[in-house]
Structure formats: C-alpha cells, structure tokens
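Here the structure comes first, spelled out in structure tokens, and everything after it is commentary.
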Amino acid sequence: MGLCYNTDMINYEEVYGREASAMLARKNTLEALFVSRYKTAPTVYVSSCGRAEIVGNHTDHNLGKVIVGAISCDILAAVSLRTDGIVEIGAEDFRTIRFHVSDLKRRESEARKSSALARGVCRYLADRKYPLGGFSAVTHSTVFRGAGVSSSAAFEVLIAEIVNVLYAGGKIPPLVKAEAGKFAENVYFGKPCGLLDQTGIAFGGLNAVDFYGAGAPRVKSLSMPEGYALALVNTGGSHSSLTKHYAAISKEMSEVTAYFHKKYLREVEKTAFEESIPALRKKVSDRAILRASHFFAENERVDRAADALARGDRRAFFKQVRSSGASSLTYLQNGYVAGDVSQPLLIGVITAARLIKEGAFRIMGGGFTGTVLAILPERETAEYAAETGRIFGRENVHVARLRPFGACEISFD
C-alpha cells in the first residue's frame with residue numbers, strides 16, 4: 001500500500017500555545033531517539049491528547065449525555081512508513097510493540113497490554129476497509145499517568161490517527177477513530193468502557209455529546225468561560241484492582257434496564273423509572289436504583305450546563321459541574337471502595353471545596369480512586385497547586401488548558 005499523507009497538518013504553535021517552545025525541544029529529543037533506533041529521520045509527527053470529563057459521569061455506556069474536553073497533554077509520535085507490513089511502536093519506558101498487519105487476530109496473551117490496543121485498533125479499521133500498512137513509531141507522553149485523563153484512549157486514538165495520516169489521506173472521521181479505540185479496549189484489551197474518552201480525544205475542543213439515537217452520536221461544540229484553567233489532582237491509588245467496581249456500575253444500571261425489557265437505560269423514560277421504584281426494589285439492589293437515578297439526572301445536567309455555556313452564564317455552568325460531582329459521590333457512589341478506609345479521592349474533594357470559591361470541582365472519570373478536577377480562575381491556580389501539592393505531592397498536581405485540536409498530524413516547520 002502506497003504512502004498517502006494527510007495534508008491537513010496543524011502547526012505546533014497552534015496546538016501547544018504557550019508551551020510551544022518546550023514542545024519543540026521535546027520534538028528534537030524524540031527525533032534523535034527515532035534516528036538512533038532506525039538510522040533515518042521520521043517523516044511525520046502525530047499527536048493524541050488527554051481528556052477531561054466535565055459533566056456526565058458514567059453515562060456513556062448507557063447512551064447518555066456528556067460534556068468532555070480535550071486537554072493540553074499528549075502522546076507525541078515520530079513516525080515513518082514501512083514497506084514490510086510491520087507495525088513497530090517504541091518508547092523509552094515501555095516494551096516495544098511489534099506485529100504484522102496481516103496478523104490482527106486477538107491474542108489472549110496480550111490482554112491488558114498496550115499491544116492489544118494497537119492490534120485492536122488496526123483490526124477495527126481493517127474490518128471497515130480502511131487502507132492499512134506498516135509503520136515505525138517512537139512515542140513520548142506527557143499524558144498524566146494515573147490521573148484519570150485516559151492515557152489508554154489517547155494511545156488508541158493515536159494509532160488510528162497514524163493510520164489516517166499515512167494510509168487514509170486524512171479521510172477517517174473522528175468518530176471512527178473513537179470507535180476503533182473503544183473496540184480495542186473492550187474486545188482486545190479486555191476492559192469495559194463507553195465512548196466518552198475516545199470521543200473527547202478524537203474531536204478535540206469542548207463538546208456536548210449525546211450518544212443516543214440512530215446513527216452517530218451528536219456532537220456539539222462548546223466554549224469554556226475565558227480566564228479559567230483546569231487543575232487535575234491525582235489523589236493516589238491504583239486502578240489495577242478496580243475493574244470489577246467499574247463494571248459493577250454498568251452491570252447494576254443494566255439490571256434496572258432489564259426490568260423494563262430494554263437494552264440501554266436511555267431507552268427507559270425517567271417517569272416510568274420513578275413510578276416503578278417500589279417494584280424495582282423487589283428485583284434489584286437499592287444501589288442499582290440510586291445509580292440509575294444518577295444517570296437520568298446527569299443527562300438533564302448536561303443539557304443545563306451546555307445551555308449555560310451557550311448563554312455565557314458561567315455561574316450556572318459551574319453549578320451544574322458541582323452538582324454532577326455531588327451526584328457521583330452520593331448516588332453513583334464511586335468516591336471510594338466500600339469498606340476501604342483509604343479514601344484519598346474524598347480528601348481531594350474536601351480540599352477543593354475549601355479552596356475554590358469561584359469555579360467548580362468534581363471527581364473525574366471512573367472514580368473509586370484517582371483524580372479531582374477543578375475549574376478555577378487562572379490567577380488562583382498557583383495557590384491551589386501549592387496547597388493540593390502539599391497534601392498529595394506537587395508531582396501529582398497538573399494545571400492544564402483545553403486543547404482545540406483532537407488527534408492530528410503536527411507540522412514543526
């Protein structure tokens with residue numbers, strides 16, 4: 001298959017903004033690493049970013065609504081075409097991934113490994129008749145690991161964008177790149193997830209996404225109030241043993257859905273759900289009912305938050321973000337693992353509540369451990385970072401901005 005570069009490149013200064021000079025130095029380091037490994041210079045650079053979940057916690061897997069933003073951390077890849085059909089992806093801190101594009105069958109031995117994600121993305125695209133071929137890539141990531149900004153989805157969408165740039169001429173739509181990532185994570189990697197993470201990364205910017213309805217999800221672009229930054233605090237803990245707790249959320253929502261003989265909770269009317277609570281309590285746990293109640297309320301919050309942003313009413317927007325976070329803690333109940341006295345996420349929440357007077361805060365992502373997201377005035381970020389860093393370690397506090405671009409090819413000219 002011949003090389004087919006995507007001509008819609010974006011200049012690095014547009015992508016990285018105030019961090020552009022540092023990213024240029026990073027590119028040079030990555031290029032040197034590529035040359036040392038392959039004895040030739042890379043021909044393209046591809047970037048895929050992290051994401052921040054603003055409103056809509058654990059709703060996407062039941063075709064709910066979310067507001068999600070791409071953020072200013074990324075995986076940058078130096079890439080070059082190969083003619084032997086081999087995909088080889090390396091990084092300084094990780095074992096090299098290597099497979100042939102003719103061998104895309106799922107392997108049990110790759111479950112929970114990055115190689116499964118890369119192979120799974122390629123399989124999804126190949127099954128949909130997108131052109132595919134080999135490439136060499138060396139990557140460097142500034143996506144905050146363990147901070148709940150979805151490093152796995154960033155990697156998945158990166159692979160799809162590399163194929164898009166090298167072989168598809170930029171013709172793979174953002175949604176297809178997102179769906180390829182979800183497929184790889186669900187089927188090849190072996191972790192249940194919805195489509196929120198990959199959609200936020202593939203589209204870029206700040207978007208309200210409605211996953212319900214025939215055909216593709218509806219994606220509406222939004223604008224964050226000016227003068228505000230995002231601060232993410234990794235409160236500690238590992239996600240490695242939490243898969244069963246994440247899975248329990250969708251499982252329990254599905255138990256409620258099954259009572260109504262539907263496939264997704266979005267297909268159930270809120271009034272029918274509320275009227276059926278007495279009968280539901282005889283069939284499912286109270287926690288399942290509470291989690292379903294969270295789902296319905298979150299969809300309404302997304303609409304109110306999006307409307308507030310459209311009207312320029314930042315206070316109304318922040319109110320919905322705070323309400324979403326409170327619902328995640330009290331109804332969805334993903335603030336900590338039941339019975340575990342280690343509850344760093346809640347320490348992060350009470351710290352944010354103490355410090356943030358203007359703006360909003362919430363637990364973000366899967367929950368149980370991990371990240372507190374704060375939206376606060378830029379002038380207050382230094383004080384917030386200092387105090388949360390005193391509690392959780394400065395290395396676990398990340399100040400970010402929204403990134404207008406999703407996964408893309410970058411020009412350093």
Side-chain angles (χ1 to χ4, degrees), residues 53 55-62 64 66 112 145-150 152 185-186 189-194 196-197 232-259 264-265 268 273-274 276-299 301 321-354 361-374 388 391-393 396:
E53 170 198 289
V55 184
N57 192 214
H58 279 286
T59 60
D60 55 329
H61 48 67
N62 266 282
V66 304
R112 318 298 281 183
R145 296 191 63 80
V149 295
S150 203
S152 58
E185 192 155 342
N186 291 171
F189 188 81
K191 182 179 179 181
C193 72
L196 180 152
D197 298 346
L232 301 104
V233 179
N234 178 12
T235 63
S238 171
H239 291 82
S240 61
S241 62
L242 297 174
T243 297
K244 65 179 180 181
H245 299 288
Y246 301 140
I249 293 175
S250 57
K251 176 179 180 294
E252 291 177 12
M253 287 186 182
S254 295
E255 290 169 358
V256 174
T257 305
Y259 176 85
Y264 298 104
L265 198 53
V268 179
F273 161 73
E274 292 171 341
S276 300
I277 288 177
L280 276 167
R281 294 192 69 205
K282 299 176 182 178
K283 298 290 185 179
V284 304
S285 68
D286 285 347
R287 190 175 70 174
I289 295 171
L290 292 170
R291 284 175 163 172
S293 179
H294 165 83
F295 173 88
F296 289 111
E298 278 289 81
N299 289 333
R301 274 187 284 269
V321 177
R322 287 179 181 244
S323 177
S324 176
S327 181
S328 293
L329 290 175
T330 57
Y331 295 98
L332 189 65
Q333 299 181 30
N334 66 334
Y336 60 93
V337 175
D340 190 347
V341 297
S342 176
Q343 300 177 11
L345 200 52
L346 297 191
I347 298 297
V349 168
I350 65 169
T351 302
R354 171 167 60 88
F361 58 90
R362 60 158 309 130
I363 64 170
M364 191 181 76
F368 301 106
T369 188
T371 303
V372 172
L373 167 70
T388 52
I391 297 171
F392 297 105
N396 290 315

Mind running side-chain contact (heavy atoms from CB on, under 4.5 Å) on M253 and T59 for me, showing each step along the way? CA-CA 10 Å; M253 287 186 182; T59 60; 5.9 Å; no

Would you check, one step at a time, whether the test side-chain contact (heavy atoms from CB on, under 4.5 Å) holds for S276 with Y259? CA-CA 9 Å; S276 300; Y259 176 85; 4.0 Å; yes

Please step through side-chain contact (heavy atoms from CB on, under 4.5 Å) for the pair I249 and F368, ending with a clear verdict. CA-CA 11 Å; I249 293 175; F368 301 106; 4.0 Å; yes

Let's go through R301 and S324 carefully: what are the C-alpha distance in whole Å and the side-chain angles of both, what is the deciding distance for side-chain hydrogen bond (donor to acceptor under 3.5 Å, both in side chains) to 0.1 Å, and is it a yes or a no? CA-CA 7 Å; R301 274 187 284 269; S324 176; 4.6 Å; no

Steps toward side-chain contact (heavy atoms from CB on, under 4.5 Å) verdict (N186, C193): CA-CA 7 Å; N186 291 171; C193 72; 3.3 Å; yes

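Here N57 pairs with E53, S328, N334 under the side-chain hydrogen bond (donor to acceptor under 3.5 Å, both in side chains) rule; sequence neighbours left out. Considering only residues two or more places apart in sequence or on other chains, E252 meets the salt bridge (Lys or Arg N to Asp or Glu O under 4.0 Å) condition with R287, R291.
With hydrogens and angles ignored, the 3.5 Å screen pairs no side-chain donor or acceptor of T369 with any backbone N or O of L345. With hydrogens and angles disregarded, no donor-acceptor distance shorter than 3.5 Å links the side chain of T235 to the backbone of T371. In this structure a side-chain-to-backbone donor-acceptor pair under 3.5 Å is present from D340 to S342. For T351 (side chain) and I347 (main-chain N/O), a donor-acceptor pair under 3.5 Å exists by modelled atom type.
Distance check, rounded to the nearest 0.5 Å: OG of S250 to CG of L265 gives 11.5 Å. Of the inter-residue distances, the one linking T388 atom OG1 with N234 atom CG reads 11.0 Å to the nearest 0.5 angstrom. The NE2 atom of H245 lies 12.5 Å from the OH atom of Y336; values are rounded to the nearest 0.5 Å. We find the CG-NE2 distance between N299 and H294 to be 9.0 Å, quoted to the nearest 0.5 Å. Separating the CD atom in Q333 from the CG atom in L290 is a distance of 5.5 Å, to the nearest 0.5 Å. Distance check: L280 CG to E274 CD gives 11.5 Å after rounding to the nearest 0.5 Å.
Few gaps surround CZ on F392; more than 12 heavy atoms of other groups in view lie less than 6.0 Å from it. Enclosure of atom CZ in F296 by more than 12 non-hydrogen atoms of other residues, nucleotides or ligands within 6.0 angstrom is indicated.
For the residue pair L329 and G335, the shortest heavy atom distance occurs at CD2-CA, 3.7 Å. Heavy atoms only, all atoms of each residue included: A288 and E255 are closest at CB-OE1, 4.2 Å. Nearest heavy-atom pair, E185 versus S152, reported as atom, atom and distance to 0.1 Å: OE1-OG, 3.5 Å. Between I289 and R281 the shortest heavy-atom distance is CD1-CG, 3.5 Å. Contact detail for A292 and F273: the closest heavy-atom pair is CB-CE1, 3.8 Å. Minimum heavy-atom separation, A352 to V372: CB-CG1, 4.3 Å.
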